[in-house]
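Below is one structure, written out as structure tokens; comments come after it.
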Amino acid sequence: MTSAPQPLVDARDVNVWFDLPDGRELHAVRGADVRVNSREKLGIVGESGCGKSTLLMALMGLLPATASVSGRIEVMGADLLAGGERAFRAHRWKDLAIVFQGAMNALNPVIRVQRQIVEALELHEVASGMAAVHRASDLVRLVGLPEGVLRKFNHELSGGMRQRVSLAMALACDPRVLLADEPTTALDMMVAAQVLALIDRLTRELDLALVLVTHDLPLVTRTCDRIQVMYAGTVVESGTPADIYHQPQHPYTRLLFAATADVHSDGPDPVTILGAPPRLDQVVPGCAFEPRCPHSQARCATDVPQPQSAGKGRSWACHYPGEST
Amino acid sequence: MSATTTLASVAAPTSQPTRPRRLLASVRRRPAAVAGATILATFVILALVGPLLTPYGVHQRVGEVYAHPSAAHPLGLDDAGVDMLTLLIAGTRVSLFVGFAASVVSVIVGGSIGVLAGYAGGWVDGALMRLTDYMIVVPALPLMIVVATVWGPSVVHMVLVIGLLMWTSTARLLRAQVLSLRERASVRRARAIGCGHWRIAFRHIVPEVYGLLGATTVLTVSVAIFYEAALSFLGLGDPGTVSWGRLIEMAFERTAISSGAWWAIVPPGVCVALVVLGSSLLGNALQDAANPRAAIAHVSPRTFRVRAERGDRR
Amino acid sequence: MTDDQRELLRIENVVTAYGRGAGVRAVDDVSLTLRKGELLAVIGESGSGKSTLALTALRLLEPRSGRVFFGGEDITHATQRALKPTRRRMQVVFQDPYESLDRRFRVRQIIEEPLLVHGLGANRAERLERVHAALERTGLSPAPLFANRFPHQLSGGQRQRVAIAASLVLEPELLIADEPVSMLDVSARAGVLSLLDGLRRDGDMAVLMITHDLAVAAHYADRIAVMYLGRVVEEGPAHKVVRSPVHPYTRALLSVVPPKDPLAPFHPQLLEGEIPPLTAVPAGCRFASRCPDVAPVCATVDPPLMDIGGRHSVACTRATRQAATPAHQGAAE
């Protein structure tokens, strides 16, 4: 534990392609790196279709048969892509657990909550019989639900309770890393805040590392220690929340903040980022953000900007970083 | 910041094929659907050009009773010495006509009831669905026998009897579909614009179920053809026409089996089976394509592939 | 009553319920006024009744009691047939631009349909001209290029603009926007919102925007009404509601929205539990069961919406103890 800090998750140059029905390929994730250290909270932020969820699923090894992956995905030192499904299965849920946005679909509608948790525990050989039943009650209490929830069906629970139950199930095997894909997006404001506070408390109490994927910039900068901004399958900037808010280097990061309204201060009106993200079934010759970038220059259309590192997890991929409006 | 969208953002629209073309593409991707379409197309062509294929008439005696298959008569002769192949081709016409016509009748009736019940809701829905429930409970074949007997044997009666007793599943399917369409945002928007019921029903809802109607029609053909054969076999077919069911009935009655004349009975049976198979295969595939939510997801035990290459290779 | 010439929509003590008999009161005694050129944001969580309120204002639902006035005319119990001319004057933009546009129609047909339904535009050429004008107004320029596209060929923001254009073509006086940007990407939101904002500033059009996004409401709305469990609990000028919220529910909601600056102070004040179901509305103050400032009196007294000055009103016994006049009598005089 006290030896050299080996990252819990160390994924490098991950690419994910999906086969399209017409034989072409969609290059959804384009050389993304993800590194999560023990107890670290990493936020991955980007708009729909930027590849953030696909990247998360690649870490879990939960991609469909139409997908192909390249790169290196190491979890606690083990190379999972080399080890195949068996290697993923050894870590999935035991070391890496995930909660999704649609907690609705995560639970079986015709089985009571208790049996679902117990089955998960038995399947992963954490506990069985009465021990599993006790563990289920512990888990439910851990996520702040009354034990009565155990006897309910999915449809008898509110959205917030469902998300808590899926958190309980994710924690069943004492994972080291919790992956959360838009965990609060489908929830109401106050319920979302409750669930987020719960995730925050659990990561602290259980020494979990967190990977939070969301499109909500204020939420992610508030929750996480380190942020990766994704655009068109690539990580365009990463750094601490203060770094990317106060010294954004990539114009996309800056525009994302400028597009976000702030309820607490009378800033200028939010801006629109003109145009649309590039189609990922085509090759992008230069910087993927070039067509929408207000500062683009000739070079941006032809050369792909390589990530520049400034140490301590701070990096960006832009030919003209820091260029402000 | 002005609210103008640049031309650049329109320049690359996502090329998504239109609905009919997507339907066709998704049918083409299913081998079962291609097989079904091929079978049906073959029989339809046979029915259209059939009489040109054989030189004999359907009442023309060309040889001995139950003569064995030969080069001149590949399927032998029937109990009156008529060429079986000629009869089979003539039967294709009548059987397919009854099958398709009855199916169309049932889809028109069932479709109208389903759409009306789904769209109107309330007591209209209640009454129509109760009626449908009663029709489902009634055993179809005995009722068909009774009605066909009362009305007397004719092709038109056959079409009506079958069509009017088979619409229940179509009605339920369409009602369910319309119920969900009615709650769609686009329909709510139409209502908010001020569209009347007529416009909402025929411009915003019914066109959405054309695909499903087509699929149901094809699917119902299989049942209709089967019932045609069954009714004819029971002697309720039009005695003036030749259909597959009539051929089987006649062969059965005129001791084809005890005479060992399999060629008089097996080919029409195979034809019925093939058309039933073809229309179920195609109909099911169309239904899946028209109503993807009803389709079962094909869970694949295969997992993703791992590549050695780097991302920036292309 | 007509001294305020700018008044466009007035909802008085409206109760809208679902189901038979007394039913479930999704909107329970709500009064609101919307003036020409005004943008009113109705904020609330699911179950607050904000969407039901919009449907009642549009008269797509009929209230059980109370009255709805549009342009000075009482439309509370008008028949759908009698409402048709009014329908043209009140249009709605729905949340989901992917679902709400019929994918079988071209943009031109989508925008032309309201004209056909209301018998506007003498011939095809004139209608097309109006379609193009509406597209240009929503920033979809050049219009002929967009007019021939299908919805699936457009981005989410562009689709929402098409939906707005299909409303604008009727030159409505009231536009009800139900979560107009919640399905859109952050990069496209500001465009659609500033479009709505500009439309009501240009003309006499008023906008009623239903949203759960306080930041959006704070930025674009003139007035904000916060709903909780079928009631308006706080209503007033946007800057007042956001900068100096009075109702404990408004205060809690605002406190859980993180500021953009990650270093700015942030002290979320979480409420316990969730909104109770409409079938079990608590006696007394509806918010008492979750209120951090609850007092004994709250269990028995159901506080009315009271004006606390400056067209700002609050329904909270503790907060309005000093104030005198009930809000909607006070405001009308």
Side-chain angles (χ1 to χ4, degrees), chain B residues 1-23 25 119-123 126 178 180-214 290-293, chain C residues 55 58 60 80-81 83-88 90-105 109-110 113-114 116-118 136-142 145-146 149-155 157-158 161 163 166-167 170 176 178 188 190-199:
Chain B
M1 180 122 260
S2 85
T4 334
T5 311
T6 54
L7 188 58
S9 58
V10 223
T14 49
S15 65
Q16 212 177 318
T18 53
R19 245 155 61 90
R21 211 175 303 156
R22 216 167 52 217
L23 201 75
Y119 184 74
W123 66 267
V178 169
S180 87
L181 284 170
R182 198 174 62 161
E183 297 308 319
R184 255 202 203 169
S186 57
V187 174
R188 273 196 296 146
R189 208 180 67 84
R191 204 174 308 147
I193 287 171
C195 291
H197 291 308
W198 218 240
R199 192 175 180 90
I200 292 174
F202 285 97
R203 242 178 108 69
H204 293 276
I205 290 184
V206 172
E208 293 286 335
V209 298
Y210 282 159
L212 196 59
L213 279 176
N291 188 12
R293 256 174 294 174
Chain C
L55 292 174
L58 281 166
L60 289 174
Q80 292 301 319
R81 189 179 296 267
L83 275 173
K84 196 169 173 189
T86 316
R87 285 253 174 276
R88 185 191 68 71
M90 40 166 47
Q91 287 297 308
V92 60
V93 174
F94 289 102
Q95 174 178 13
D96 189 343
Y98 301 87
E99 272 276 308
S100 71
L101 301 181
D102 225 311
R103 59 216 155 118
R104 290 171 297 110
F105 298 142
Q109 294 168 298
I110 291 169
E113 183 168 33
L116 292 169
V117 168
H118 290 278
E136 296 277 355
R137 257 181 101 189
T138 53
L140 294 175
S141 177
L145 182 72
F146 284 97
R149 297 213 178 279
F150 284 100
H152 63 73
Q153 295 173 312
L154 304 176
S155 71
Q158 290 169 343
R161 284 166 196 264
S167 302
L170 293 174
I176 294 188
D178 186 0
V192 170
L193 289 166
S194 57
L195 167 64
L196 289 173
D197 193 34
L199 288 172

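Note on naming: letters A, B, ... go to the chains in the order of the sequence lines (proteins, then strands), and numbering restarts at 1 for each one. Both backbone and side-chain heavy atoms feed into the values below; hydrogens, waters and symmetry mates do not.
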Quick one: are [X] and [Y] in side-chain contact, heavy atoms under 4.5 Å?
X        : Y        : result
B:Arg203 : C:Arg104 : no
B:Glu208 : C:Asp102 : yes
B:Cys195 : C:Glu113 : yes
B:Arg191 : C:Gln80  : no
C:Ser100 : B:Arg188 : no

Which bit of [X] comes within less than 4.5 Å of chain B, counting heavy atoms only: side chain, backbone, both or neither?
X        : result
C:Phe105 : side chain
C:Gln91  : side chain
C:Ile110 : both
C:Leu101 : both

* **Engaged part of B:Arg189 at the chain C interface, taking heavy atoms whose separation is under 4.5 Å** =>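 Answer is both: backbone and side chain atoms of B:Arg189 are under 4.5 Å from chain C.
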* **Residues forming a side chain to side chain donor-acceptor pair (under 3.5 Å) with C:Gln95, sequence neighbours excluded** => C:Ser182
* To do: Quick one: pull up CD1 in B:Ile193 and CZ in C:Arg88 and give me the separation to the nearest 0.5 Å.
  => 13.5 Å
* For the candidates C:Glu99, C:Arg87, C:Arg81, C:Glu136, which exhibits the highest count of non-hydrogen atom pairs separated by less than 4.5 Å from chain B? -> C:Glu99
* Structure fact -> What one should report as the nearest heavy-atom pair of C:His118 and B:Gly194 is NE2-CA, 4.2 Å
